[in-house]
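Take a look at the structure below.
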Amino acid sequence: MDLELRTIGAGEVGAFVDSLSVPFLDAGDPTVREHWGPHVEPDRAWAVVEHGRFVANACAFTRNVTVPGSAPGCCPTLPIAAVSGVGVHPTHRRRGLLRRLMGALIDDARRRGEPLAGLQASEGAIYGRFGFGQATWSAQVVVDTSRAALASPVPGAGVRLLDAHEAAKTLPDLHDRLRRGRAGEVDRDAATWAGILADPIPWRKGGSALYYAVSDDGYAAYRGHELRDNGALVGARLELRDLYATTAEAEAALWRYLFDVDLVREVSALHRPVDDALRWRLVDPRQFRVTLQRDMLWLRILDVAAALEARGYRREGRLVLEVVGDDPEVAGRWRLDASRAGASCRRAAPGEPAGVTLPIAELGAVYLGGVTPSTLAAAGRVVEGRKGALDLADSLFATVPAPFSGTLF
């Protein structure tokens with residue numbers, strides 16, 4: 001039977017959201033339409049249609065992502081196609097629909113001049129074959145507040161609590177400014193903030209509404225959950241959604257505020273950078289307990305020259321990369337000339353030997369500096385062609401602090 005792949009019409013957003021709820025097992029949940037509806041851009045949402053019914057779906061959001069800069073705390077921003085809502089109905093699996101959807105997304109992003117595409121994968125074994133590599137990771141952390149003494153004195157944060165209406169006026173601009181200090185951060189559009197601030201009751205999972213604690217140099221968004229022991233109320237758990245600050249001192253002050261909230265026995269942070277300094281701020285670093293670590297942003301390089309020239313480098317060097325894959329726009333040999341003042345990237349001249357050979361997905365993985373080329377070489381995913389090339393690649397792509405993506409899409 002004919003299966004038509006097309007973008008949806010403006011009046012089909014509801015049907016598109018109903019379609020994507022099928023593979024994600026969310027059918028019948030009223031919050032799905034409420035959440036997804038404002039995000040969907042019809043000219044960036046694709047459906048596979050059979051007899052007038054959607055049987056597969058995918059979309060992209062028009063967003064921006066920070067990439068490494070040549071100095072700490074100053075990260076350039078690049079357009080990114082934020083891929084989401086990808087799924088095929090169980091009745092139509094193994095017909096090549098996912099490949100058609102991903103091809104349409106990538107082609108469209110290129111037409112728009114976006115050098116990067118990114119996604120947050122529901123399954124880890126799917127997207128590598130489409131050229132996406134794991135680029136950032138997130139840690140879920142728990143700290144016992146009774147043992148959360150800090151090793152160094154921390155000044156007061158000057159925190160004020162905002163309600164959702166006040167937060168809507170303050171947090172979007174504040175977050176956009178603060179996210180620019182770390183590579184991997186995706187911006188939040190109006191629909192994203194509307195969803196966060198609406199804070200639907202099902203999202204709370206039995207907890208309170210969100211509190212917004214704001215200082216001159218940062219903010220924390222958190223909610224409270226009851227802690228019970230054999231049914232008896234013994235205190236509260238504070239669930240941290242966001243914590244951003246301009247300086248290490250301001251971040252430490254916000255942590256001190258959270259640890260000192262009355263009744264709180266523990267603080268659990270859902271998404272924290274893997275190099276979070278809090279571990280080393282504690283007198284007892286063992287109280288920084290990582291309960292889960294997961295991949296967050298997967299990156300696909302769409303325009304090698306634009307992507308490599310846009311990010312910063314902390315040292316000077318020339319590296320020839322052999323990119324392997326079935327995308328002729330990306331595959332081939334590329335020469336990167338990098339310095340702190342800037343970089344140039346072009347197709348390598350005939351006969352220029354490759355220093356490092358890697359697949360398209362691995363180029364996406366190393367781009368933000370979250371994993372080193374030598375680590376991927378040890379895993380058999382990258383090949384060194386010239387002695388010393390891996391050391392050079394490691395130093396060129398290195399990023400401090402580690403990349404982090406704190407925004408879901």
Look at atom [atom1] of [X] and say whether more than 12 heavy atoms of other residues, nucleotides or ligands are closer to it than 6.0 Å.
X: Asp260; atom1: CG; result: yes
X: Glu316; atom1: CD; result: no
X: Arg228; atom1: CZ; result: yes

Presence of salt bridge, [Y] and [X], under 4.0 angstrom:
X: Arg272; Y: Asp242; value: no
X: Arg177; Y: Asp173; value: no
X: Asp176; Y: Arg179; value: yes

Problem set entry | Arg180 (side chain) donor-acceptor with Pro76 (main chain) under 3.5 angstrom |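 It does not hold such a pair.
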If the condition is side chain to side chain contact (heavy atoms under 4.5 Å, CB included), which residues does [X] pass it with, not counting sequence neighbours?
X: Thr375; answer: Val371, Thr372
X: Val22; answer: His89, Pro90
X: Ala306; answer: Pro115, Asp303
X: Thr136; answer: Met296, Leu297, Leu368, Pro403, Ser405

### Contacts of Asp295 that satisfy side-chain hydrogen bond (donor to acceptor under 3.5 Å, both in side chains) - sequence neighbours left out
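Result, side-chain hydrogen bond (donor to acceptor under 3.5 Å, both in side chains) vs Asp295: Trp298.
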Inset, instruction - Only counting residues at least two apart or in another chain, list the ones meeting side-chain hydrogen bond (donor to acceptor under 3.5 Å, both in side chains) with Asp216. - result: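 Residues passing side-chain hydrogen bond (donor to acceptor under 3.5 Å, both in side chains) with Asp216: none at all.
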Solution key, residues 200-211 side-chain donor-acceptor pairs under 3.5 Å, sequence neighbours excluded:
residue : atom : partner : partner atom : Å
Arg204  : NE   : Asp199  : O            : 3.1
Arg204  : NE   : Asp199  : OD2          : 3.4
Arg204  : NH2  : Asp199  : O            : 3.1
Ser208  : OG   : Gly224  : N            : 2.8

Separation between CH2 (Trp36) and CD (Glu34), nearest 0.5 Å, reads 14.5 Å
Using distance only, find each side-chain donor-acceptor pair of residues 11-18 under 3.5 Å and give its atom names and separation, not counting sequence neighbours.
residue : atom : partner : partner atom : Å
Glu12   : OE1  : Arg6    : NH1          : 2.9
Glu12   : OE1  : Gly9    : N            : 2.7
Glu12   : OE2  : Arg6    : NH2          : 3.0
Asp18   : OD1  : Arg33   : NE           : 3.0
Asp18   : OD2  : Arg33   : NH2          : 2.5

Q) Do Asn57 and Ser19 get their side chains close enough for a donor-acceptor pair, meaning under 3.5 Å? A)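 Side chains of Asn57 and Ser19: pair found under 3.5 Å.
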Residue pairs meeting ring pair (Phe, Tyr, Trp, His ring centres under 6.0 Å), one or both in residues 389-409, sequence neighbours left out, come to none
Residues at least two apart in sequence or cross-chain that pass ring pair (Phe, Tyr, Trp, His ring centres under 6.0 Å) with Trp255, listed by chain then number, are Phe259
Donor-acceptor list for residues 96-107 side chains, cut-off 3.5 Å, not counting sequence neighbours:
residue : atom : partner : partner atom : Å
Arg100  : NH1  : Leu3    : O            : 3.2
Arg100  : NH2  : Leu3    : O            : 3.2

Using the ring of each side chain (for Trp, its six-membered ring), is Tyr244 parallel, tilted or perpendicular to Tyr219, with breaks at 30° and 60°?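 Plane angle under 30°, so parallel.
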Salt bridge (charged side-chain N to carboxylate O under 4.0 Å, His left out) partners for Arg111, two or more places apart |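 Here the qualifying residues are Asp108.
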